[in-house]
Participant: 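Below you will find the structure I want to go over with you.
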Amino acid sequence: MNYRFQNLLGAPYRGGNAVITQNTQLISPVGNRVSVTDLNKHHTVTLDLTTSTNICRLAASPDGTFLLAVDENNRCLFINVPRRAVLHRMTFKGKVGALKFSPDGKFIAVGVGKLVEIWESPAFSRAAFAFQRVRTFASSDDKVVSLEWSLDSDYLLVGTKDLAARLFCVRKLKGVLNKPYLFLGHRDSVVGCFFGVDKMTNKVNRAFTVARDGYIFSWGYSGKDVTEDPMSPDTPERADEVMEESNGAVGTDIKKRKEYEGRGGDSEEDEGEEYMHRGKWGLLRKDGFNQGSAKVTACDYHQGLDMVVVGFSNGVFGLYQMPDFICIHLLSISREKLTTAVFNQRGNWLTFGCAKLGQLLVWEWRSESYILKQQGHYFDVNCVTYSSDSQFLATGADDNKVKVWNVASGSCFITFTEHTNAVTALHFMADNHSLLSASLDGTVRAWDFRRYKNYKTYTTPTPRQFVSLTADPSGDVVCAGTLDSFEIFVWSKKTGQIKDILNGHEAPVHGLMFSPLTQILASSSWDNTVRLWDVFASKGTVETFQHNHDVLTVTFRPDGKQLASCTLDGQIHFWDTVDGVLMYTIEGRRDIAGGRNMTDRRSAANSSSGKCFTTLCYSADGSYILAAGNSRYICMYDISDQVLLRRFQISHNLSYDGVLDFLNSKKMTEAGPMDLIEDDNSDEEDGIDKQSRGNLGYDLPGSRPNRGRPIIRTKSLSIAPTGRSFAAATTEGVLIFSVDESFIFDPTDLDIDVTPEAVEDALKKDEVVRALALSMRLNEDSLIKKCIFAVAPADIKAVAISVPQKYLERLMEALVDLLENCPHLEFLLHWCQEICKAHGSSIQRNYRNLLPSLKSLQKAITRAHQDLADMCSSNEYTLRYLCSVPNNH
């Protein structure tokens, strides 16, 4: 019941800029969420924090503790990354084009439209108004697109779309011409600007500006200007550029604007102080990247290595050694525009992102090898399924690809691309390393993901489009239902020959499943029926369950004694498969009712579309069922009482249709909803800045249809055999919901004496049995683990015998968590062994209740065994040699 969001698979990157903190932690935006990848452990987790729309800009503090995330509605979250908590929220008054923390972490520079705003970083301070704006610079004639701080946090280099870069002094200077220095000469917008540092003095001596048309200018700083009034090549002074001379006599009569650049500050000028924005800058050299018509779309500079990395709109990136502009690498890594390119702190890894294809790459340029290479599904995920040990998750999508994901690490490790049309159904075989997939291309393929190959293909005499798939528990036969001929094909798994063709349905067969314990096959169709077939006896239809509306899917309870089906009128029917009678009916139209789309003529309450379930999934113990469809909700029902237990909202992202029940009438224009009007003159030049559905090629020649926005929905559900988590294939990607007690305080048998202090006191007195009993009564995860490690190996047997039966499940869950995250393998296996010996009979009696915990324990032990086996096989000859060496050596 206590399921909460754990991770998001299938979409490693969706647009915006990626940042790297602590040298190995990659933070990337995924829609309206933030994904954090540990590049050493190859572990990805998506934070349970959401913005109102898709995130467009990220900035991390120098120590990696704080993160700023700004979405398309200019709303900003200030996040504590280690605690995964939102500390502050605020809204900027314009479109944010650039965002950066100062090197000392005290300030944040934000490019809001044409303005550059300097804000104090809130850090850990608690305040009613956490963000305080310190300065505002308003010298730009067009949008700000890039920012760079100097190492001392005193100067800011700003690149804009008005073909210029500007050098600002952040401090307020009294009696000094505090006007920005302009770097002119580019013929396109300045997408990157960087400071170069003298390695001997650690002071700024160079600047680099990169323009969108493929040129980089190198500027040299030659110190303080000897002239009294440096002639700036800027336009005449404007209302926001108010000047004051040192004697205070000379000024301007133009109206001063509050808080804008140019007003005198409080700090006094040092007589001999040198100001960079008043000094001499000279153009040293101009260099071109020679990429033809391709534009520069992303760039970054590493001060320590003096290198520039540049990404282009044609998918090529270049790595150049500055200031001599020596090309080290020039490679093509994508077919589409690169939307982010960034160095890590050491400068040995490069991170690239391509928003249109959902690609995220981390590349080591010295060894020319990939550290990370992830790509999500380009189109919607149609189907998702767990492996029998809950370690792997397979997904199939409209981009013709099948991907297999490691649930623990959140990364994809296999992609199969042999299908030539959309993948519609998946099924894991019982051997745990074979996978079946059905597609609209007329084939069912069997994959071995240990050998990375398609080892068998099942076809029909004439091409058919398959939309459902299953295999019997023993793995002897494979069955697939068709969209066009309404037949069910039965193949022998070993030979690939067609054994039987089941006829009888009069509409597409969208649901197929074998009973887990018997050889009965259930099929559902749009002809209002669910049919049961005895495939091996060749008797044809054994029984038919008649419904009042089209049946959309069918599923068996894990014990095979009950069958659930959902119909087009929003009802879920439960059938007794032994007696063939209807047991329960759940009316779910009100529960699944979705929001209103931009193109809907009717309100959400009056619309009849989408008010039905399209996918069902039983829990591991069969007591409740999960149901979802074309709406933003996943519903959980108690079967025996037919009541709604909980509704999970899969997304709050306003970039999708169907999230809101009531639309804002202010956004309706004569030409239709404002969000659906295409703007050809937007910022998305030379490629796409965010992942979109693209052109499917179904349009008539010359037509330019409106693509609209993606509609939020759930196409497939799958629950892990352990019952600890479930996956939902949604428009956002594959959402993983998990039961995680480490964040939930759920005490049992509490009284006034059961406290953390009492546990600590018992441990000090070496009363480990009492301490363990108290910690399990308190049900605090950290205390239970502490008590487990406090037991000496010789005393494990005695302590295991003393554990009450009602706490067995909690103890096994703690051991599972330790086995997955702790190096003391032998000690923990000793614990598992003694618990099984001491409580074997009670475990057998309460098998049904303890099944999820036992499966989780089996999964953790199997994974540890596999890791150990792989390590030993790779070190086999070293171990043989060490064993053969005499002891005296």
Participant: Is the shortest heavy-atom distance from the side chain of Val45 to the side chain of Arg84 under 4.5 Å?
Facilitator: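 Yes, at least one pair of side-chain atoms sits under 4.5 Å.
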
Participant: With heavy-atom distances below 4.5 Å as the criterion, would you say the side chains of Val308 and His302 are in contact?
Facilitator: no

Participant: Contact between Leu26 and Val36 at the side-chain level, heavy atoms closer than 4.5 Å - yes or no?
Facilitator: no

Participant: Can you tell which of Leu87, Leu58, Leu67 makes a side-chain contact (heavy atoms from CB on, under 4.5 Å) with Ile79?
Facilitator: Leu67

Participant: Are Thr37 and His43 close enough that a side-chain donor and a side-chain acceptor fall under 3.5 Å?
Facilitator: no

Participant: Drop me the distance from Ser218's OG to Leu283's CG, to the nearest 0.5 angstrom.
Facilitator: 8.0 Å

Participant: For the CG atom of Asp154 and the OH atom of Tyr275, what is their distance to the nearest 0.5 Å?
Facilitator: 10.0 Å

Participant: Kindly check if the number of other-residue, nucleotide or ligand heavy atoms within 6.0 Å of OH (Tyr215) is above 12?
Facilitator: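 No, the 6.0 Å shell around OH holds no more than 12 heavy atoms from other groups.
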
Participant: Is there side-chain contact between Val204 and Leu151, with at least one heavy-atom pair below 4.5 Å?
Facilitator: no

Participant: Can you name the nearest heavy-atom pair linking Phe168 to Ser139, along with the distance?
Facilitator: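 Closest approach of Phe168 to Ser139, heavy atoms only: CE2-OG, 3.9 Å.
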
Participant: Looking only at heavy atoms, which two atoms of Phe194 and Cys299 are closest? And how far apart?
Facilitator: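 So the minimum-distance heavy-atom pair works out to CZ-SG, 3.8 Å.
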
Participant: Taking Lys161's backbone N and O only, do any of them form a donor-acceptor pair with Ser189's side chain (distance below 3.5 Å, no angle check)?
Facilitator: no

Participant: Would you say Asp324's side chain and Ile326's backbone share a donor-acceptor pair under 3.5 angstrom?
Facilitator: no

Participant: Just so I know, are the side chains of Leu8 and Arg33 near enough to count as touching, which here means a heavy-atom distance under 4.5 Å?
Facilitator: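 A side-chain contact exists here, since the closest heavy-atom pair is under 4.5 Å.
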
Participant: Are Asp71 and Ser52 linked by a side-chain donor-acceptor pair shorter than 3.5 Å?
Facilitator: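 Asp71 vs Ser52: donor-acceptor pair found between side chains.
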
Participant: Between Phe317 and Phe289, does the ring centroid distance fall short of 6.0 Å?
Facilitator: no

Participant: Can you tell me if His42 uses its side chain to pair, donor with acceptor, with the backbone of Ser411 under 3.5 Å?
Facilitator: no

Participant: Does Ser140 reach the main-chain N or O of Asp142 with its side chain, forming a donor-acceptor pair under 3.5 Å?
Facilitator: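 Flag not set: sc Ser140 to bb Asp142 has no pair under 3.5 Å.
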
Participant: Is the shortest heavy-atom distance from the side chain of Gln374 to the side chain of Cys412 under 4.5 Å?
Facilitator: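 Yes, side chains in contact.
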
Participant: Between Arg212 and Asp188, does any NZ, NE, NH1 or NH2 come within less than 4.0 Å of an OD or OE carboxylate oxygen?
Facilitator: yes

Participant: Would you check if the distance from the ring center of Phe183 to the ring center of Trp281 is below 6.0 Å?
Facilitator: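 Yes, ring centres under 6.0 Å apart.
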
Participant: Can you list the steps and then say if Val170 with Tyr155 is a side-chain contact (heavy atoms from CB on, under 4.5 Å)?
Facilitator: CA-CA 5 Å; Val170 178; Tyr155 295 93; 5.8 Å; no

Participant: Is a side-chain donor-acceptor pair under 3.5 Å present for Trp363 with Ser369?
Facilitator: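 The criterion, which ignores hydrogens and geometry beyond distance, is not satisfied for Trp363 and Ser369.
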
Participant: Please report the shortest heavy-atom distance between Ala298 and Ala341, naming the atom on each side.
Facilitator: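 It is CB-N, 3.7 Å.
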
Participant: Does the side-chain hydrogen bond (donor to acceptor under 3.5 Å, both in side chains) test come out yes or no for Trp219 and Thr209, once each step is laid out?
Facilitator: CA-CA 8 Å; Trp219 307 82; Thr209 55; 3.1 Å; yes

Participant: Between the side chains of Tyr13 and Ser35, is a donor N or O closer than 3.5 angstrom to an acceptor N or O?
Facilitator: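 Their side chains do not contain a donor-acceptor pair, so the 3.5 Å distance test is not met.
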
Participant: Quick check: closest heavy atoms across His277 and Tyr181, and the distance to 0.1 Å?
Facilitator: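 His277 and Tyr181 have their closest heavy atoms at O-CB, 3.6 Å.
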
Participant: Which atoms form the tightest heavy-atom contact between Ser150 and Phe195, and what is the distance?
Facilitator: N-CE1, 3.5 Å

Participant: Kindly write out the residues that satisfy side chain to side chain donor-acceptor pair (under 3.5 Å) with Thr46, not counting sequence neighbours, or none if the list is empty.
Facilitator: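 Once residues adjacent in sequence are excluded, the partners of Thr46 under the side chain to side chain donor-acceptor pair (under 3.5 Å) criterion are Asn7.
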
Participant: Which of parallel (below 30°), tilted (30 to 60°) and perpendicular (above 60°) describes Phe78 and His88?
Facilitator: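 Ring orientation of Phe78 relative to His88: tilted.
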
Participant: Under 4.5 Å between any side-chain heavy atoms of Ile20 and Thr351, yes or no?
Facilitator: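 Contact flag for Ile20/Thr351 side chains = yes.
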
Participant: Does this structure show an ion pair linking Lys100 with Glu148, if we count only N-O contacts that are shorter than 4.0 Å?
Facilitator: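 Counted as a salt bridge, because a side-chain N and a carboxylate O are separated by less than 4.0 Å.
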
Participant: Tell me if the centroids of the rings in Phe217 and Phe208 come within less than 6.0 Å of each other.
Facilitator: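 No, the ring of Phe217 stays outside the 6.0 Å limit from the ring of Phe208, centre to centre.
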
Participant: If you round to the nearest 0.5 Å, how far is CD of Gln303 from NZ of Lys199?
Facilitator: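 Going from the NZ atom of Lys199 to the CD atom of Gln303 covers 10.5 Å.
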
Participant: Among Leu156, Asp104, Leu157, find the residue that satisfies the side-chain contact (heavy atoms from CB on, under 4.5 Å) test when tested with Trp149.
Facilitator: Leu156

Participant: What I want to find out is whether Asp306 reaches Arg206 closely enough, with some N-O distance under 4.0 Å, to be called a salt bridge.
Facilitator: yes

Participant: Say you draw a straight line from CZ of Arg135 to CG of Leu115; how long is it, rounded to the nearest 0.5 Å?
Facilitator: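 The distance works out to 13.5 Å.
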
Participant: Under 6.0 Å from the CZ atom of Arg335, do we count more than 12 heavy atoms belonging to anything else shown?
Facilitator: no

Participant: Using atom types as modelled and distance alone, determine if a side-chain donor or acceptor of Asp399 lies under 3.5 Å from a backbone N or O of Tyr378.
Facilitator: yes

Participant: Verify the distance criterion only: is there a donor paired with an acceptor across the side chains of Asn348 and Asn344 at less than 3.5 Å?
Facilitator: yes

Participant: Might you work through the side-chain contact (heavy atoms from CB on, under 4.5 Å) test for Leu372 and Leu361, ending with a clear yes or no?
Facilitator: CA-CA 5 Å; Leu372 177 79; Leu361 310 172; over 6 Å; no

Participant: Are Lys403 and Thr415 close enough that a side-chain donor and a side-chain acceptor fall under 3.5 Å?
Facilitator: yes

Participant: List the residues meeting side chain to side chain donor-acceptor pair (under 3.5 Å) with Thr24, not counting sequence neighbours, and say none if there are none.
Facilitator: none

Participant: With side-chain contact (heavy atoms from CB on, under 4.5 Å) as the criterion, how do Arg75 and Val70 come out once you've worked through the C-alpha distance, each side chain's angles and the decisive distance to 0.1 Å?
Facilitator: CA-CA 6 Å; Arg75 293 174 183 167; Val70 181; over 6 Å; no

Participant: For Ser334 and Gln359, what are the C-alpha separation, side-chain angles and deciding distance, and is it a side-chain hydrogen bond (donor to acceptor under 3.5 Å, both in side chains)?
Facilitator: CA-CA 8 Å; Ser334 180; Gln359 289 178 322; 3.0 Å; yes

Participant: What do the steps show when you test Tyr301 against Phe343 for ring pair (Phe, Tyr, Trp, His ring centres under 6.0 Å), and what is the final call?
Facilitator: CA-CA 7 Å; Tyr301 173 75; Phe343 279 101; 8.1 Å; no

Participant: Are Thr160 and Lys143 close enough that some pair of their side-chain heavy atoms sits under 4.5 Å apart?
Facilitator: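 Sidechains of Lys143 and Thr160: no contact.
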
Participant: For Ser146 and Cys193, which heavy atoms make the closest approach, and how far apart are they?
Facilitator: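 Closest approach of Ser146 to Cys193, heavy atoms only: OG-SG, 3.5 Å.
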
Participant: Nearest 0.5 Å, please: how far is OH in Tyr452 from CD1 in Ile414?
Facilitator: 5.0 Å

Participant: Can Asn54 and Asn653 be counted as having a side-chain donor-acceptor contact under 3.5 angstrom?
Facilitator: yes

Participant: Would you check, one step at a time, whether the test salt bridge (Lys or Arg N to Asp or Glu O under 4.0 Å) holds for Asp162 with Arg166?
Facilitator: CA-CA 11 Å; Asp162 61 2; Arg166 290 171 173 80; 3.0 Å; yes

Participant: Supply the atom-to-atom distance Glu336 CD to Cys354 SG, rounded to the nearest 0.5 angstrom.
Facilitator: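 These two atoms lie 6.0 Å from each other.
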
Participant: Stepwise, does the side-chain contact (heavy atoms from CB on, under 4.5 Å) test hold for Leu99 with Ile108?
Facilitator: CA-CA 7 Å; Leu99 190 69; Ile108 303 163; 4.2 Å; yes

Participant: State whether the side chain of Ser121 and the backbone N or O of Lys106 hold a donor-acceptor pair below 3.5 Å, judged by distance alone.
Facilitator: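 No, the answer is negative, given that no donor and acceptor are paired below the 3.5 Å cut-off.
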
